[in-house]
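Beneath this line is the structure, given in structure tokens, with notes to follow.
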Amino acid sequence: SEERKGRIIGKEGINIRAIEAATGVDLIIDDTPEAVVLSSFDGVRREVAKIALEKLIQDGRIHPTKIEELVDKAASEVEQAMFDAAEQAILEVGIPTLPKEVLKALGRLKYRTSFGQNVLQHCIEVAHLAGAIAAEIGANVNYAKRGGLFHDIGKAFSHEQEGSHALNGAEFLRKFSKENEIVINAVESHHGDVEPESLIALLVQAADTISAARPGARRETIETYTNRLKQLEDITNQFKGVDKSF
């Protein structure tokens, strides 16, 4: 309500400034009915701000001290959720354990999307696909899965660093993990920044493309969507006895 919005802003803007300072997120309160907007390039900060703001609205006591307390609480919740998501991901893919820094970076991807596709889910998918292809052709399944899971780890901090997320991710793994160079090369070469040095790197590239390009995985323009539907209708119409398809 407008009254709630006024309380979030506070007298002379004291509350909104406190929320923005504590979370590092811009709070946009405009004429949009029944909504406030949280704006930040950092998905983790945005999630912390969202949870803190929901807690503040439920609590009703909106003042700078309470804001600080609930932002701290929300930050702890989000950190735990990131570790849980990362643990779940390695369990799903079948990787026994990882260094804490790598788990944390992997968990951050839970709050990152790319063209509407959740990046952590995409990484899990790429790991499964790369592992399945490796098993079919007799390549190293473990390396393929690890390369697939880590290929976009650079996106966990790409808003903080310049350069390619593929190269940043490889540099991060060299620094914080004991990953095999075959796996690291698969990460740094998946967008062609460097040459792929193994079959595993090519499998990760293929699996990445399959996961991102499958229909429905990512947001697409109306034009590409209608073209795809037309192609499906054309295929259907080729069958004998089919007069019209929708």
Side-chain angles (χ1 to χ4, degrees), residues 1-90 98-124 150 152-163 165 168-169 171-173 175-177 219:
S1 66
E2 291 306 309
E3 182 260 339
R4 278 253 173 96
K5 285 183 182 182
R7 283 168 62 199
I8 291 168
I9 293 166
K11 193 177 180 186
E12 294 175 354
I14 188 170
N15 291 338
I16 192 169
R17 282 200 303 276
I19 294 167
E20 291 184 337
T23 60
V25 170
D26 290 329
L27 196 55
I28 301 160
I29 300 179
D30 55 19
D31 298 334
T32 313
E34 298 177 15
V36 296
V37 176
L38 299 165
S39 174
S40 170
F41 285 116
D42 188 324
V44 176
R45 280 185 182 176
R46 211 166 47 233
E47 186 68 15
V48 168
K50 174 177 173 279
I51 292 170
L53 198 54
E54 283 170 350
K55 286 179 187 293
L56 278 166
I57 290 165
Q58 279 168 1
D59 186 279
R61 292 171 293 171
I62 305 175
H63 53 79
T65 314
K66 195 72 186 168
I67 287 164
E68 214 166 283
E69 179 199 322
L70 292 181
V71 167
D72 286 347
K73 210 175 260 185
S76 300
E77 279 181 29
V78 170
E79 182 138 331
Q80 189 56 53
M82 289 193 302
F83 274 112
D84 291 347
E87 291 279 6
Q88 184 58 41
I90 63 171
L98 289 173
K100 193 177 178 184
E101 289 86 355
V102 179
L103 276 175
K104 191 173 180 180
L106 207 54
R108 284 178 77 101
L109 298 178
K110 174 182 166 78
Y111 301 110
R112 171 79 196 250
T113 59
S114 185
F115 301 98
Q117 185 180 32
N118 181 280
V119 176
L120 182 58
Q121 280 307 121
H122 166 65
C123 287
I124 293 168
F150 300 142
D152 270 351
I153 202 163
K155 286 187 176 178
F157 27 76
S158 59
H159 58 283
E160 299 162 5
Q161 294 179 340
E162 288 181 11
H165 71 267
N168 290 342
E171 195 180 312
F172 170 80
L173 289 171
K175 190 175 178 183
F176 291 108
S177 74
R219 273 201 303 268

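Inter-residue side-chain proximity for K155 and S114 is flagged as met; some heavy-atom pair is nearer than 4.5 Å. Inter-residue side-chain proximity for V48 and V25 is flagged as unmet; no heavy-atom pair is nearer than 4.5 Å. Put simply, the side chain of F83 reaches to within 4.5 Å of the side chain of K100, judged on heavy atoms. Put simply, the side chain of L38 does not reach to within 4.5 Å of the side chain of T23, judged on heavy atoms.
Salt bridge annotation for D42-R108: present, with a cationic side-chain nitrogen under 4.0 angstrom from a carboxylate oxygen. A salt bridge links K55 to E77: one of the charged nitrogens lies within less than 4.0 Å of a carboxylate oxygen. Comment: E69 engages K66 in a salt bridge, judged by a side-chain N to carboxylate O separation of less than 4.0 angstrom.
F176 pairs by the ring pair (Phe, Tyr, Trp, His ring centres under 6.0 Å) definition with F172, not counting sequence neighbours.
From L70, atom CG reaches atom CD of E54 across 12.0 Å, with rounding to the nearest 0.5 Å. To the nearest 0.5 Å, the span separating CD1 on I9 from CD1 on I29 amounts to 4.5 Å. From L109, atom CG reaches atom CG of D152 across 7.5 Å, with rounding to the nearest 0.5 Å. Rounding to the nearest 0.5 Å gives a distance of 11.0 Å between CG of L103 and OG of S177. L106 CG to M82 CE: the interatomic distance, rounded to the nearest 0.5 Å, is 11.0 Å. Rounded to the nearest 0.5 Å, atoms CD1 (I62) and CD1 (I16) are 11.0 Å apart.
Side chain of D26 to backbone of S40: no donor-acceptor contact under 3.5 angstrom is found. Counting only distance, with no hydrogens or angles, the side chain of R112 and the backbone of V119 share no donor-acceptor pair below 3.5 Å. Counting only distance, with no hydrogens or angles, the side chain of R7 and the backbone of I57 share no donor-acceptor pair below 3.5 Å.
Of all heavy-atom pairs spanning A89 and L120, the tightest one is CB-CD1, 4.2 Å. Taking all atoms of both residues into account, the shortest heavy-atom contact from L56 to R61 is CD2-O, 3.9 Å. L98 and F150 make their closest contact through CD2-CZ, 3.5 Å (heavy atoms, listed as atom of the first residue, atom of the second, distance). Contact record, K110 with A85: CD-CB, 3.6 Å, taken as the closest heavy-atom pair. Listed here is the closest heavy atom pair of E162 and N168: O-ND2, 3.3 Å. Across L53 and I19, no two heavy atoms sit closer than the pair CD1-CD1, 4.0 Å.
Counting non-hydrogen atoms of other residues, nucleotides and ligands closer than 6.0 Å to NZ of K104 gives a total of 12 or fewer. No more than 12 heavy atoms of other residues, nucleotides or ligands sit less than 6.0 Å from atom CD1 of I14.
For residues 8-22, there are no side-chain hydrogen bond (donor to acceptor under 3.5 Å, both in side chains) pairs, not counting sequence neighbours.
Counted by atom type alone, D30 and T32 present one or more donor-acceptor pairs between their side chains at under 3.5 Å.
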Working for salt bridge (Lys or Arg N to Asp or Glu O under 4.0 Å), residues E171 and K175: CA-CA 6 Å; E171 195 180 312; K175 190 175 178 183; over 6 Å; no
